[in-house]
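Right, one structure below, let's go through it.
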Amino acid sequence: MLLRTRVTIFVLAALLAIALIFAGTMALLGRTLLAQVDSQTLSQEEALWRSTLRTEASPLGALSEALSSDTVFTADVNSGDFDSARRSLAAAIGRIPTLGLSAQVIGRDGQILLRSPSGEGYLRLLDQVSIDRIWGGAQLLGLRSTEATRAMLVSAAPLYADGHVIAALAVARNAASAVRAFAEADRSETALVTLRGQLIVATDRALWADVKDRISLRRSARDLIFAWPRVLTATSLPTADTAGGAATTIVAYKDNSGPFFAILRVVAWSGGIVAALTLLVATLIHWYMKASFRPLDQAVEITRRLARGDTSVEIEATGQDEIGRLGEAVRQLRVNAIMAEDLSRQRQRSRIRRERLIRREISALADALDPEARVEVLAVLNDTGIKPGSTDTPQSVSASSNHQLRLIAGVLRDLVRRILEQRQTLTGMIADLEDALASKDKLIGLEQQLEVARQVQLAILPRDHGEDPRVAIYGRMTPAAEVGGDFYDCFMIDDDTVALVIADVSGKGVPASLFMAVTRTLIRAVARFAVDPAVLISEVNDLLARENDQLLFVTACLGFLNLTTGRFCYANAGHSPPILVGTDNSVVELPKAQGMALAVADGLFYQRLEFVVKPNDTLFFYTDGISEAQNPEGQLFGMSRLIDLLARNSNLDERLLSESIERDVRVFEAGRPATDDLTCLAVRYVGEPVARRPHAGMVLPDAVADPAPTLAE
């Protein structure tokens, strides 16, 4: 095989290998990104379904609470007067505006003691496992597949009399409304099916018939389904029943034909372009190699004739290509044969000139050394009989030119060694200087990056604390290092409710600041669906705990303040509760709601507490950077100092109050570096009425409930 052929094959193989490696890398990257998108989509769909169930179950909870608190109804059930109890049940259902509600009172052995006269009350709403759990004091919420093609959303709780469970109260409604609400919120076609694939309800039955055989029903999954000419993405989420096991699966499928075929067209065009370019490159390489190696073939043939002794050959080569250079080499061989004797005579004169030149150069190089090394080199020259600056050949040098050159070579080796040693010394000094300058530049760059991170962190804190005249809010956050892990936030849930948050991330520096930003984002995102601070914190805790590979945690206090009624409901996640500063100069630390820090573990319980804030009262939120500040003697600032300081400055507005707290903490530290971030949030409830505006956001349950008790009550 010719050399040009082998080179062409090698180049094409290298191009093909590079293309395959690139394609494999892109495929692996695409698969990784697709897996991340699937995981995020499943989490979002699951959170949306849970939120939809809670919303749809709110009428069930209202009916269950009304019946449980009806002493007449409870007494009738306990005494066996089911006619009277049935009238109370019908009246309670009539007071709930939601249609299609059903209720049952079930005995310990599963016997239905009482059922509602309307709706789907003839179906059995609880199995024996659920009844046993209710007798143990549990409250249940889930889907119940009562028939092959029917499912109910069931809320069940124990019915008490004289402190004992006398029956199980189950309230239900058809699950179709939850499926439709989920489909509308998710903007997708949705179906609810049993684990065996039997359809219960679907927003598009014809489309479900096309895709039902290609969907995973017993595990959470996201599948790509080809239903020509459409391409669908289907998300499957198994749902739990009241007994805690999987009963049904909610399936949401969307039409993604447009993006899929657009990507397919891009891939097809890219493949065609790559194939065309590969063919073009192969053609160009073959033509170029053939044209480039043609002069070399001619030169090989001419060299063979010269090797056989044929010197009569005429070589006509012009230019700078291979043939021209080979012809010039042959002509130079003929000239060298003629001039061989002349070179022999001129060799001695050339050596003498070289020796003189070398002596002058050695002397010049010796002048570049330090004085001690220069003396040593000149001494070596004198020992070899070479006199620096002399123009005659030394008499002590042997007649053999080779011997004289060996002596000069020895002097040059010693001189080069000394120059290299001196160069290495200078190089080491320069390297040390460059290392010092590089370390200084890195330190300056790191300080600049940390300052930028600090400005970014402070920028995400709310600057506009709201313009609602019914409340005045001011917050401060001073990091102990360049960046910190504390944060506060305030934002409107609806026209009458403001959410107040303060939190402290474990650790300090950049990791804590990043975890702080993630926590703040999740709180704001989940707040769109939560109507209760305890539920909101629970949802955020579950999301943080699942992706907490760094084992960080967050303490937080979150509350909702109704600007019309003054009702304040809050929940704690391992954080200090807020302090209430009254208009009568009273300062009271609110009770601490039960709850562990966020991101420690998922599925935790968080308690909700509430009370009514009077007009012009101030809620003061803070982190342990205030209460645990230390002076040079190691003493803590403490709660007693904080409460006394709030009492003395209760007449100040929220801004001056916060600034006075930070100023007194700095005075107490007496110049000692801060060990933790200092963060506080002051909220003064004004309570002046304003004109109401229509709002489509969420409304807290306390907007229609009886006023909550004040803290004193």
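Among V179, L53, V193, the one residue that satisfies the side chain to side chain contact (heavy atoms under 4.5 Å, CB included) test with I250 is V179.
Annotation: the span from C680 atom SG to I661 atom CD1 amounts to 7.5 Å, rounded to 0.5 Å. The distance from atom OG1 of T52 to atom CZ of F182, rounded to the nearest 0.5 Å, is 6.5 Å. From N651, atom CG reaches atom CG of L657 across 9.5 Å, with rounding to the nearest 0.5 Å. The OG atom of S538 lies 7.5 Å from the CG atom of L604; values are rounded to the nearest 0.5 Å. Between R54 atom CZ and E539 atom CD the span is 4.5 Å, to the nearest 0.5 Å. Note that the CD atom of Q44 and the CG atom of L543 stand 10.0 Å from one another [nearest 0.5 Å].
Under a 3.5 Å cut-off, the side chain of T519 and the backbone N or O of F515 do form a donor-acceptor pair. Using a distance-only test at 3.5 Å, with no hydrogens or angles considered, no donor-acceptor pair links the side chain of Y606 to the main chain of I537. A donor-acceptor pair is defined here as one N or O able to donate and one able to accept, closer than 3.5 Å; such a pair exists between the side chain of N541 and the backbone of A601. Between the N562 side chain and the T565 main chain, a donor and an acceptor come within less than 3.5 Å of each other. Proximity of a side-chain donor or acceptor of S658 to a complementary backbone N or O of G475 within less than 3.5 Å is not detected. In this structure a side-chain-to-backbone donor-acceptor pair under 3.5 Å is present from S58 to T55. Put simply, the side chain of D468 never gets that close to the backbone of V471: no donor and acceptor are under 3.5 Å apart. Between the R187 side chain and the K254 main chain, no donor and acceptor come within less than 3.5 Å of each other. The closest donor-acceptor contact from the side chain of T679 to the backbone of F487 lies at 3.5 Å or more, if one exists at all. Between the D542 side chain and the G603 main chain, a donor and an acceptor come within less than 3.5 Å of each other.
Across all non-hydrogen atoms, the minimal contact from D186 to A252 is OD2-CB, 3.7 Å. Scanning all heavy atoms of the two residues, the minimum distance from A66 to S69 falls at O-OG, 3.2 Å. Across all their heavy atoms, A168 and L126 have their closest contact at CB-CD1, 4.2 Å. Taking every heavy atom of both residues into account, T249 and S236 meet most closely at CG2-CB, 4.1 Å. Contact between L237 and S220 at its shortest, heavy atoms only, is CD2-OG, 4.0 Å. The shortest heavy-atom contact between A629 and V665 is CB-CG1, 3.7 Å.
Using a 4.0 Å cut-off between charged nitrogen and carboxylate oxygen, R663 and E659 do not count as a salt-bridge pair. With respect to E46 and R50, a salt bridge is recorded, a charged nitrogen being found less than 4.0 Å from a carboxylate O. The pair R655-D653 fails the salt-bridge criterion, with no side-chain N (NZ, NE, NH1 or NH2) lying under 4.0 Å from an Asp/Glu carboxylate O.
Side-chain atoms of Y160 and T74, non-hydrogen and from C-beta on, never get closer than 4.5 Å to each other. A 4.5 Å side-chain heavy-atom check between Y570 and L500 finds every atom pair outside the cut-off. A 4.5 Å side-chain heavy-atom check between H575 and T623 finds at least one atom pair inside the cut-off. Taking the side chain as every heavy atom from C-beta outward, R666 and L678 approach each other to under 4.5 Å. Between V498 and R470 there is no side-chain heavy-atom pair separated by less than 4.5 Å. Under the 4.5 Å side-chain criterion, counting only non-hydrogen atoms from C-beta, P158 is in contact with Q139. Contact check for L646 versus E589: no side-chain heavy atoms found under the 4.5 Å cut-off. In this structure the side chain of L141 reaches within 4.5 angstrom of the side chain of L153, judged on heavy atoms.
Donor-acceptor pairing under 3.5 Å is lacking for the side chains of D504 and T555. Side chains of T203 and T190: a donor-acceptor N/O pair is absent below 3.5 angstrom, by distance only. Between the side chains of N616 and T583, no donor N or O sits under 3.5 Å from an acceptor N or O. A donor-acceptor contact under 3.5 angstrom links the side chains of Y474 and R476, judged on distance only.
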Quiz item: Hey, mind stepping through M639 and Y622 against side-chain contact (heavy atoms from CB on, under 4.5 Å) and telling me if it holds?
Solution: CA-CA 11 Å; M639 287 299 300; Y622 64 97; 3.1 Å; yes
Quiz item: Can you list the steps and then say if L143 with L192 is a side-chain contact (heavy atoms from CB on, under 4.5 Å)?
Solution: CA-CA 10 Å; L143 292 181; L192 182 66; 4.1 Å; yes
Practice problem: May I have the step-by-step check of side-chain contact (heavy atoms from CB on, under 4.5 Å) for Y685 and L619, ending in yes or no? | Solution: CA-CA 8 Å; Y685 173 59; L619 290 170; over 6 Å; no
Exercise. Run the numbers on V683 and L561 for side-chain contact (heavy atoms from CB on, under 4.5 Å), then give the verdict.
Key: CA-CA 10 Å; V683 182; L561 176 61; 4.2 Å; yes
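Atom CD of Q607 has more than 12 heavy atoms from other residues, nucleotides or ligands within 6.0 Å. Remark: M596 CE is loosely packed, at most 12 non-hydrogen atoms of other residues, nucleotides or ligands lying under 6.0 Å away.
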